[in-house]
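The basis for the numbers below is simple: all heavy atoms, side chains too, and nothing from hydrogens, waters or symmetry mates. Numbered from 1 within each chain, the chains take letters A, B, ... in sequence-line order.
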Number of protein chains: 2
Amino acid sequence: MQISSRFTIAVHILICIETFKEDYKVTSDFLASSVNVNAVVIRRLLQQLKRAGIVDVKRGSGGAVTAKPPGEITLLDIYNAVECVEEGKLFHFHENPSQECPVGKNIHAVLDDRLEQIQGAMEREMKSISIQDIMNDTKKLIEK
Amino acid sequence: MQISSRFTIAVHILICIETFKEDYKVTSDFLASSVNVNAVVIRRLLQQLKRAGIVDVKRGSGGAVTAKPPGEITLLDIYNAVECVEEGKLFHFHENPSQECPVGKNIHAVLDDRLEQIQGAMEREMKSISIQDIMNDTKKLIEK
DNA sequence: AATGGATGTATCAAAAATGATTACAACAAA
DNA sequence: TTTGTTGTAATCATTTTTGATACATCCATT
């Protein structure tokens with residue numbers, strides 16, 4: 001199955017925060033308008049990003065800001081923050097392969113490393129892209 | 001969300017077919033026992049693998065065999081065969097970003113390439129691993 | 001200290017995907 | 001013709017996601 005839209009929405013949120021931080025108070029309603037989803041979805045995501053140390057959210061007066069420089073926030077950080085899968089495992093393994101069958105008994109031993117290798121390649125690529133990178137592209141497009 | 005267990009089950013199936021092809025008729029019931037899921041789940045997967053040209057399944061008399069050498073069946077082939085997502089896209093994009101917002105309007109333009117880059121890294125790694133590779137490891141473990 | 005705008009979070013509902021299971025027609029070989 | 005198997009439809013339960021409402025909590029400002 002696909003990786004949830006939480007991930008692309010979270011990236012969208014961070015780009016918004018950085019783009020508008022000078023000119024607007026970036027509230028969950030503001031973000032909800034840009035992304036076009038319910039404000040509660042945004043608040044839930046902001047909580048996850050906050051727990052991961054990526055953003056700060058102010059109660060009462062309101063508004064979200066990044067908690068560290070955009071160059072230090074990678075897509076992998078965001079993925080890990082919002083993709084709440086057990087131990088960050090990309091692949092769902094079938095639960096109870098037969099221990100009587102020679103193949104069933106060994107399937108984990110022969111597959112686990114390969115799956116990690118694949119997931120590792122994906123994560124390496126995610127780690128190589130920062131919010132700053134995407135901000136640079138965004139600025140260029142907006143200025144045009 | 002995670003990639004469905006259809007993927008690991010499909011790999012398990014193929015390893016079973018190759019491991020037992022000399023000694024048993026590998027039926028959906030046989031495979032269901034090793035994987036420990038319902039036989040219909042196996043049959044559905046075998047159909048998907050068949051449509052992708054990976055296995056042949058015999059009606060009536062029964063049994064499944066690989067349709068090409070295991071060295072030519074990669075994990076990417078299997079992934080594409082069973083992970084029935086629209087256009088094979090790994091990431092689910094939020095549907096309707098606001099066209100009024102400068103960020104919403106451009107979010108696809110700035111993200112699509114990056115997402116493809118990540119997915120590409122994953123697929124490259126999947127393509128580098130064949131059923132033969134996994135068979136080699138499996139044989140070693142079984143013989144021990 | 002009252003107010004007003006915002007967050008944090010619980011709860012419920014709806015939609016989509018997964019996976020289990022039953023049932024049975026179609027098929028092929030003995 | 002019998003037997004074992006595949007191919008596939010139909011149904012159900014479960015899980016995950018996403019949408020939506022509601023409201024207590026918070027905090028800056030008046």
By ring-ring contact (aromatic ring centres under 6.0 Å, His included), which residues pair with His92(B), not counting sequence neighbours?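 For His92(B) there are no ring-ring contact (aromatic ring centres under 6.0 Å, His included) partners, ignoring immediate neighbours.
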
Is a side-chain donor-acceptor pair under 3.5 Å present for Ser5(A) with His94(B)?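 No, no side-chain donor-acceptor pair sits under 3.5 Å.
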
With heavy atoms of chain B within less than 4.0 Å as the criterion, where does contact along DNA chain C begin and end? dT18(C) to dA29(C)

Between Thr8(A) and Leu115(B), does the side-chain contact (heavy atoms from CB on, under 4.5 Å) criterion hold? Intermediate values first, please. CA-CA 9 Å; Thr8(A) 55; Leu115(B) 297 183; 4.0 Å; yes

Go through residues 5-15 of chain B and report each residue with a non-hydrogen atom lying under 4.0 Å from DNA chain C, sorted by number.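 The stretch gives Ser5(B), Arg6(B) as the residues lying under 4.0 Å from the strand, ordered by number.
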
Among residues 91-102 of chain A, which residues get a heavy atom nearer than 4.0 Å to DNA chain C?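 Listed by number, they are His92(A).
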
Which residue pairs satisfy the side chain to side chain donor-acceptor pair (under 3.5 Å) criterion with at least one member in residues 121-130 of chain A, sequence neighbours excluded?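 Pairs touching residues 121-130 of chain A that pass the test: Gln119(A)-Glu123(A), Glu125(A)-Gln117(B), Ser130(A)-Asp133(A).
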
Would you list the pairs meeting side chain to side chain donor-acceptor pair (under 3.5 Å) in which at least one residue belongs to residues 48-58 of chain B, sequence neighbours left out? none

Donor-acceptor pairs under 3.5 angstrom involving side-chain atoms of residues 23-30 of chain B: please list them, not counting sequence neighbours.
residue  : atom : partner  : partner atom : Å
Lys25(B) : NZ   : Ser61(B) : O            : 2.7
Thr27(B) : OG1  : Asp29(B) : N            : 3.4
Thr27(B) : OG1  : Phe30(B) : N            : 3.1
Ser28(B) : OG   : Arg43(B) : NE           : 3.2

Along nucleotides 1-10 of chain D, 5' to 3', which nucleotides get a B, which get an S, and which get a -, given that the test is a protein heavy-atom distance under 4.0 Å? ---BBBBBBB

Quick check: do Ile78(A) and Ile73(A) have side-chain heavy atoms less than 4.5 Å from each other? yes

What pairs meet the ring-ring contact (aromatic ring centres under 6.0 Å, His included) rule with one or both residues in residues 38-71 of chain B, with sequence neighbours excluded? none

Is it true that a side-chain atom of Asn36(A) and a backbone atom of Ser33(A) form a donor plus acceptor pair closer than 3.5 Å?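 Judged by distance alone, no pair lies under 3.5 Å.
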
Kindly list each side-chain donor-acceptor pair under 3.5 angstrom involving residues 102-111 of chain B, sequence neighbours excluded, with atom names and distances?
residue   : atom : partner   : partner atom : Å
Asn106(B) : ND2  : Pro102(B) : O            : 2.9
His108(B) : ND1  : Asp112(B) : OD1          : 3.0
His108(B) : ND1  : Asp112(B) : OD2          : 3.2

How would you list, by chain and number, every residue that makes a salt bridge (Lys or Arg N to Asp or Glu O under 4.0 Å) with Glu18(B), sequence neighbours excluded?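 For Glu18(B) the salt bridge (Lys or Arg N to Asp or Glu O under 4.0 Å) partners, ignoring immediate neighbours, are Lys21(B).
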
Does Lys140(A) have any side-chain contact (heavy atoms from CB on, under 4.5 Å) partners at least two apart in sequence or in another chain, and if so, which? Asp137(A)

